[in-house]
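Take a look at the structure set out below.
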2 protein chains.
Amino acid sequence: MREIAKIAQVSVATVSRVSRGTGQVSPEMRERVLRVIEEYGYRPSQMGRALAEQKHGSVAMVFPGLAGPYFSELIQGFESEAMAVGASVHILATHHRAGAGEQVLTMAERVDGMAVHGGTLSDDALRRVAERVPVVTLAGRSMDGVPAVRADNTTIGELTRHLLLDHGYRRLAFVGNPDGSPDVTERWEAFKAAHRAAKVSAPREPLRLGLQQSDGVIAAGELLEGRRRPRAVVCANDETALGLLIGALGRGLSVPADVAITGFDDVPMASLVQPRLTTVRQPIRELGATTARLLISGLGGPGAVMDAVLATEPVLRESCGCTTTRRSESKGERT
Amino acid sequence: MREIAKIAQVSVATVSRVSRGTGQVSPEMRERVLRVIEEYGYRPSQMGRALAEQKHGSVAMVFPGLAGPYFSELIQGFESEAMAVGASVHILATHHRAGAGEQVLTMAERVDGMAVHGGTLSDDALRRVAERVPVVTLAGRSMDGVPAVRADNTTIGELTRHLLLDHGYRRLAFVGNPDGSPDVTERWEAFKAAHRAAKVSAPREPLRLGLQQSDGVIAAGELLEGRRRPRAVVCANDETALGLLIGALGRGLSVPADVAITGFDDVPMASLVQPRLTTVRQPIRELGATTARLLISGLGGPGAVMDAVLATEPVLRESCGCTTTRRSESKGERT
DNA sequence: TTGTAAGCGTTATCAT
DNA sequence: ATGATAACGCTTACAA
């Protein structure tokens, strides 16, 4: 910068003002400086700027893992908002590693804010991070001063009611580990609550597996082999539902005739497979974007958002047993 | 830091030396400083350090998108190496956005090095980035001073030969867009070359689709509906192969009896589906790790790595028509 | 072994 | 409107 200032015969202050478009500079001065900047290809040092402004200009997202379309959509939504304010995005996938807590703390020193996905850190670890840097919980419970952005998971209860009452299915199974993440906890609870509300006997224990497609395939092995196959399987997300579907088809079973399947998310694949997947639509992209906005602006102060719950909606297609006229995708696809 | 120095009754230099474990400090002094650091929970400012050391302490990965297990594995490999040296990882998915070039340039100002995935930037844009920050191309061609880390894509030719000669299939189709990325370009070329080597007529034009599972489902619609269905489909990666498999099963077709399918990557799902997927195993994690190592150490100077090609191997399972005794997964699963 | 002080590249507050 | 100059928080010769 000093170079530029010397060459353009001005002070560094002026160069700074021109380069960031702040303060008052006369047109001719601005022009002169701009030309030199252009000619020498000068770009202000991010380090110098960071130190002076006391902000890194970047934000972070922390996940347990990155597999599947859910995370990439989340990142996409988050990233687009971050880009809009010129912040770059750090990403850390802990994979439940041992040193994860320490790594998150280290990362906290390098960013202006952090979004932590539910199921990644213990409450305690999260609190420690939150006292160093602004934090928003993504798909988790809000806590102390840490706001949360999440989707309404109770809609999976409507789906369950639909299977139980509209279709009259009994013996429903749930695939997903309620202890794995707040999302799954809530979905399992809603699933149970729907059974109570319908006054049918309580479901059996959930099949505690991960949320990847491969877990769905494994679930197929567990659930579809034996004689007492469940009539319908409610999966904690679309990926496992898709894996289960593949496993069912690969075994020559018919869906939904032999077994009905439902998911959660409404990822693109859900409406492409045969039969199309009945699921709950969750605005994943919006979830990411909202989180970013909260992190960048807002946060803290009286009247700040403490908990943002985004609406979800059931999407009834064929995999639950509904027959569809297949007109418009949006409406009219209910039984 | 000055606070700590004052409280511990030492100079800032000593605090610095203690906190970074460099230089000579007497045990008692170190002890004293350490206690104060501990007590006040002092953590050195990354900004101050960055400015003084003239390095950001972070590296970046740039991708066209993030969907699928391929990218998450890549990131995992890269991240583990980066963590090892205390560097954090920026991630940018361009999604072929318009302003992508500019965003990459901006990101270049914030990192010590950048890994750019093939198919993300034009040669020209890449060159512009490379003159600002060290760059390694991931899964692309090396260029000028930019080294590349990639896998051996020609092995897909062996697979093609296997289909053509061992199984005697004709009418093979290729799914993937050779213009989309260097990886697919090379795979398509190897596919064609295998046809020439086997002295059979040249294959028809590739079905130019993306690399996601949903693209495979779309491919199923294109390829499996008509009368002149291909006898075997060589997919540019496992995700599309899996999508194609789902599409085939959903249509009541039998794989490999009606149509054989092969992929590339050997993702976990490949060995879980029914029939198991014949594919080419690529060390994705290693690819990421090698890239990170190259970026962090090495790079530049005489004798530096310019092109690292990692070995791949064919994995013959049932989806190509091989019958397996299903003994050990590793060996003995060839025809 | 320890301390002093000069950077590192900006921004921002004052004067002018 | 422009220019000095003091931060910002750390590292690292160089001195003591």
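Note on naming: letters A, B, ... go to the chains in the order of the sequence lines (proteins, then strands), and numbering restarts at 1 for each one. Nothing here was measured: the structure is a model prediction, and the numbers come from that model.
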Just how far, in rounded Å, is [atom2] of [N] from [atom1] of [X]?
X      : N       : atom1 : atom2 : answer
Q9(B)  : dT1(C)  : CD    : C1'   : 17 Å
E31(B) : dT1(C)  : CD    : P     : 17 Å
Q24(A) : dT13(C) : CD    : P     : 15 Å
E3(A)  : dC8(C)  : CD    : C1'   : 14 Å
H56(B) : dT10(C) : NE2   : C1'   : 13 Å

Worksheet item: Could you run down nucleotides 5-16 of chain D 5' to 3' and tag each one B, S or - for protein heavy-atom contact under 4.0 Å?
Response: B--BBBBB----

Fill in: Any side-chain heavy-atom pair of E186(A) and R150(A) under 4.5 Å
yes

Thinking salt bridges, do [X] and [Y] make one under a 4.0 Å N-O criterion?
X       : Y       : value
E31(B)  : R35(B)  : yes
R293(A) : E286(A) : yes
E109(A) : R49(B)  : no
R97(A)  : E102(A) : no

Worksheet item: So, the side chain of N177(B) versus the backbone of G210(B): is there a donor-acceptor pair under 3.5 Å, distance only?
Response: no

Fill in: Shortest non-hydrogen contact between L74(A) and M61(A), atoms and distance
O-CE, 4.1 Å

Worksheet item: So how far off straight is the helix from dT1(C)-dA16(D) to dT16(C)-dA1(D), going by the axes through five pairs at either end, to 10°?
Response: 40°

Worksheet item: What class does the angle between the rings of H90(B) and H90(A) fall in, given that below 30° is parallel, 30 to 60° is tilted and above 60° is perpendicular?
Response: tilted

